[in-house]
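The shown structure was predicted, so the numbers you read here are calculated from the model rather than taken from an experiment. Convention: sequence-line order gives letters A, B, ...; per-chain numbering from 1.
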Amino acid sequence: MVGDETDSRNPYESFEDNPYRSSVDIFTNESVLKEDWQPEKLPEREAELDEIRNALAPATRGVNAHNLFLYGKTGQGKTVAIDHELALLQDYAASQDDFNLSVIKTSANNQTTSYQLCAHLIKEIRDSRKKPSGIDQQSMFDLLYEEISDLEETVIIVIDEIDAIGSNDELLYELPRARKNDHINDQWVSVIGISNNLQFRDNLSPKVKDSLYDSEIEFAPYNAEKLTSILERRAERAFIDDVLDDDVIPLCSAFAAQDEGSARQAIRLLYKSGELALNHGNDTVSETHVREARDILERKRIEEGMRSLTTQDQFALLSVVALEIDGETPARTRQVYQKYKSIVDRLDGNQLVERRVRDHLQSLGMQGFLLAETRNTGIQGGSHYRFELKTDLEATLDILGEDTRIDDVVSDLTEIATAKELT
DNA sequence: AATCCACAGGAAAATGAGGTGA
DNA sequence: TCACCTCATTTTCCTGTGGATT
């Protein structure tokens with residue numbers, strides 16, 4: 001009886017036929033390839049770690065740690081490096097009676113002004129859920145000083161993605177000088193800023209540069225060689241011996257180095273390649289898997305970006321898509337704007353002025369959806385942009401069609417597009 | 001080489017949505 | 001409720017630009 005019951009629940013002849021059972025093994029420790037895995041060692045960044053250590057060292061001698069600014073593109077180990085050094089410093093502090101340290105670590109992500117960042121810091125320090133608001137900027141700063149005065153003698157504030165606050169940088173001026181201006185008396189406050197945006201540094205106001213820039217450390221993009229050694233170290237722990245073809249790691253490194261030089265990207269690529277091999281039932285990971293993985297990841301990146309577009313961005317993108325289908329690309333801003341007006345009209349949307357649509361088109365260009373080429377053709381043309389779609393037309397229509405506000409127009413466009421393809 | 005077109009893009013002001021404490 | 005905050009987005013107004021044309 002029991003046997004019968006088991007049979008009725010298991011349509012497969014035996015355990016071997018269960019679809020979850022993989023015929024091949026690729027990974028030994030997959031978690032090493034996950035986003036949140038933290039390496040213990042950073043041999044490729046020894047020089048930078050040294051610099052960080054030198055900048056933090058004064059804290060152990062009872063004075064200010066240097067203010068520090070780390071910049072470099074994403075996936076260059078900035079955050080890992082600072083975490084690593086701060087953990088060491090905190091360990092040291094714990095072993096010393098006369099060295100008391102508070103580390104506030106936060107990300108300025110979505111905090112677009114000094115005011116918001118300040119509120120965010122207060123929230124972090126209080127460990128509360130709500131950001132204070134509704135008061136003027138100076139009161140907000142004062143509130144922050146109050147919170148800081150409850151902390152230990154040495155305070156290190158780490159602000160990741162500090163470039164989010166743009167040019168609104170008063171807080172960065174205030175904080176390092178808090179002691180000088182008598183807002184804080186018995187404490188040492190220093191700021192560590194981390195930025196992905198290399199231009200951010202140049203856009204800071206001179207007075208901020210002056211007070212914040214004790215030391216700055218640049219994390220130059222990893223070259224293919226360094227990426228290879230990073231990947232090899234991870235692969236050794238993550239994969240079964242000898243499942244990787246010889247050219248897999250160099251290829252992953254090369255792709256990532258060509259693009260951004262990001263270790264994160266390289267690891268993602270390696271991980272995806274392994275997954276693909278596993279899903280296909282191959283017992284080794286080969287170059288084909290890497291190439292396939294790259295295509296998939298690239299498409300995914302575009303899809304994600306496209307889903308988070310604002311309505312106006314969608315209108316602008318849609319205008320270019322429509323022109324693309326009509327075969328009228330590359331098109332000038334003027335042309336795009338005409339199209340834009342008719343689309344917005346039909347969708348009963350908010351019609352923006354041309355100047356603004358130009359900004360939207362440009363931001364689409366920055367995000368990689370449009371190819372925006374600026375050129376100058378003299379007396380007939382003057383200087384102008386020419387826009388065309390950079391992403392795959394079909395995929396773009398698919399993704400835009402998911403939005404119910406605009407799917408009307410999208411489905412029409414899709415129809416036209418398919419009709420054209422048939423002729 | 002001077003001009004000039006047709007647009008680019010900077011700056012400031014306006015708007016309107018979110019919030020505050022009294 | 002009111003008066004007042006911040007702040008992203010948008011409009012308005014304006015100056016800047018670079019090569020074809022003269």
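- The residue Glu354(A) sits apart from the nucleic acid: no heavy atom pair falls under 4.0 Å.
- For dC7(B), the OP1/OP2 oxygens have a side-chain nitrogen or oxygen of Arg332(A) closer than 4.0 Å.
- Ring pair Tyr337(A)/Tyr340(A) is parallel by interplanar angle, where below 30° counts as parallel and above 60° as perpendicular.
- Residue Arg334(A) contributes atom CZ, which lies 15 Å from atom P of dC5(B) at whole-angstrom precision.
- Thr74(A) and Ser262(A) are not linked by any side-chain donor-acceptor pair at a separation below 3.5 angstrom, with hydrogens and angles left out of the test.
- Ring pair Tyr271(A)/Phe27(A): centre-to-centre distance below 6.0 Å.
- At dC7(B), none of the side-chain N or O atoms of Tyr337(A) fall inside 4.0 Å of OP1 or OP2 (strictly under the cut-off).
- Each of Arg299(A), Arg301(A), Lys300(A) was scored for a salt bridge (charged side-chain N to carboxylate O under 4.0 Å, His left out) with Glu303(A), with one residue passing: Arg299(A).
- The nearest whole Å value for the distance from the CD atom in Gln362(A) to the P atom in dC7(B) is 15 Å.
- At whole-Å resolution of the value, NE2 in His360(A) and P in dA8(B) are 15 Å apart.
- Distance OH (Tyr385(A)) to P (dT17(C)): 14 Å, rounded to an integer number of Å.
- Arg355(A) comes within 4.0 angstrom of a base, heavy atoms only.
- A straight line from CG of Asn350(A) to P of dT15(B) spans 14 Å, rounded to a whole angstrom.
- Contact of the Trp37(A) side chain with the Arg237(A) side chain is registered, since non-hydrogen atoms from C-beta on lie closer than 4.5 Å.
- Rounded to an integer number of Å, the gap from Arg386(A) CZ to dA8(B) C1' is 16 Å.
- Rounded to an integer number of Å, the gap from Arg356(A) CZ to dT12(C) P is 13 Å.
- Thr374(A) comes within contact range of no nucleotide atom at all, as no heavy-atom separation falls under 4.0 Å.
- The side chain of Leu352(A) has dT10(C) as its nearest neighbour among dC7(B), dT10(C), dC13(C).
- The side chain of Gln312(A) lies closest to dT10(C), out of dT12(C), dT10(C), dA8(B).
- In this structure, NE2 of His384(A) is placed 17 Å from C1' of dG16(C), rounded to the nearest angstrom.
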